[in-house]
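Only one structure is covered here, and it is reproduced in the block below.
In the text below, chain A, chain B and the rest are named by the order of the sequence lines, each starting its count at 1. Here the structure is a predicted model, which means the values were calculated and not measured.
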Number of protein chains: 2
Amino acid sequence: MNDLSSKVETMKTIAHPARIAILEELTKGVKCVSDFQQFLEISQPNISQHLSALRHAGLIDFFVDGRLRCYFLKSPFVPDLLEVLQKEYKGDLPGPECCPVTKKGTYPGSRRH
Amino acid sequence: MNDLSSKVETMKTIAHPARIAILEELTKGVKCVSDFQQFLEISQPNISQHLSALRHAGLIDFFVDGRLRCYFLKSPFVPDLLEVLQKEYKGDLPGPECCPVTKKGTYPGSRRH
DNA sequence: CATTCATATGCAAATATTAGAATGCCTGCA
DNA sequence: TGCAGGCATTCTAATATTTGCATATGAATG
């Protein structure tokens, strides 16, 4: 649950516009499937599939209320990730100080001859 | 650069084991392509493809040193994301307090009849 | 118990992603 | 020049993902 491949699976699951939108909505509170239909322009079966994918990834869960399924956030990873995604970044990281060392030598220059 | 679709593209680009490994290595410093070959068990052209994808996503860049291409981190988003990915999460978020309100009514109960 | 509402599932087509093989392009050096 | 090292590009086959459509399920209602 904490190794690289499961991280990758989680990232893959989230890397989809509808699923990010679903998760962002769920950070605001519980929603059922028909609630999502009001702001997602995709079909109900498609919403169901995305919810199913998010649930199998362990990111969300639901409780049953009569004929409704009320979905809510389950994984604490999701709010943290969404926060980073919403953060505004201006500019780039500072470039590398010349000249860092790797296993093969120093850059630039030492490998040139 | 900050809308939903670009977030998705960035996530898709990163959601791959080789690419996460590359980015994690780059947080330690500059590396050239042959450096990556030493710890990634994939072919050189494949590494090149991944580096190209990361570069087109604006996450990394390189400078040329003779016949070497020295890659380094460019986007400040990457370290933040990797930090979240490396964080250990134990347990789930607290379940929803009964009963939150949506556009359609309160859960559970109000829709039942 | 038939119906309706809310949601899920199965299947197939369209599309996207990935890895590998072959090859091409620079750069530095003899 | 000619050659070799370091890296990129292109093409292709395999595989995975996504969606729409049709249909199934299951709880509440009458």
Take the protein atom [atom1] of [X] and the nucleotide atom [atom2] of [N], then report the distance between them rounded to whole Å.
{"X": "B:Leu40", "N": "C:dA19", "atom1": "CG", "atom2": "P", "value": "11 Å"}
{"X": "A:Met11", "N": "C:dT17", "atom1": "CE", "atom2": "P", "value": "15 Å"}
{"X": "B:Phe63", "N": "C:dT27", "atom1": "CZ", "atom2": "C1'", "value": "16 Å"}
{"X": "B:Phe36", "N": "D:dC7", "atom1": "CZ", "atom2": "C1'", "value": "13 Å"}
{"X": "A:Ile22", "N": "C:dT7", "atom1": "CD1", "atom2": "P", "value": "12 Å"}
{"X": "B:Ile47", "N": "C:dG20", "atom1": "CD1", "atom2": "C1'", "value": "13 Å"}
{"X": "A:Asp35", "N": "C:dA6", "atom1": "CG", "atom2": "C1'", "value": "11 Å"}
{"X": "B:Leu68", "N": "C:dG28", "atom1": "CG", "atom2": "P", "value": "10 Å"}

Plane angle bin for B:Phe62 and B:Tyr71 - parallel if under 30°, tilted between 30 and 60°, otherwise perpendicular: tilted

A:His16 and A:His50 aromatic ring geometry - parallel, tilted or perpendicular at 30°/60° bounds: tilted

Per B:Arg67 side chain, nearest of listed nucleotides C:dG28, D:dA28, D:dC7: C:dG28

Bend angle of the helix from C:dC1-D:dG30 to C:dA30-D:dT1, end axes from five pairs each (to 10°): 10°

Sugar-phosphate, base or nothing in reach of B:Tyr71, heavy atoms under 4.0 Å: sugar-phosphate

Sub-4.5 Å side-chain heavy-atom contact between A:Met11 and B:Leu81: yes

pair B:Ile47-B:Gln44: side-chain heavy atoms closer than 4.5 Å: no

Presence of salt bridge, A:Glu24 and B:Lys7, under 4.0 angstrom: yes

Test item: A:Arg19 side-chain N/O and A:Thr13 main-chain N/O as donor-acceptor pair under 3.5 Å: yes

OP1 or OP2 of C:dT7 under 4.0 Å from side-chain N/O of A:Ser34: yes

Criterion side chain to side chain contact (heavy atoms under 4.5 Å, CB included) on A:Phe36 and A:Leu51, from CA distance to verdict: CA-CA 10 Å; A:Phe36 292 118; A:Leu51 288 170; 3.9 Å; yes

Check: A:Gln44 side chain, C:dA8 base, donor-acceptor under 3.5 Å: yes

Would you list the protein and nucleotides 17-21 of chain D atom pairs, both N or O, that sit under 3.5 Å from each other?
residue, atom, partner, partner atom, Å
D:dT18, OP2, A:Arg19, NH2, 3.0
D:dT19, OP1, A:His16, NE2, 3.3
D:dT19, OP2, A:His16, NE2, 3.4
D:dT19, OP2, A:Asn46, OD1, 3.4
D:dT19, OP2, A:His50, NE2, 2.8
D:dT19, O5', A:Asn46, ND2, 3.4
D:dG20, OP2, A:Asn46, ND2, 3.4
D:dG20, O6, A:Gln49, NE2, 3.3

Within 6.0 Å of CD in A:Gln37, more than 12 heavy atoms from elsewhere: yes

Step-by-step side chain to side chain contact (heavy atoms under 4.5 Å, CB included) determination, A:Phe72 to A:Leu26: CA-CA 6 Å; A:Phe72 55 90; A:Leu26 286 182; 5.5 Å; no

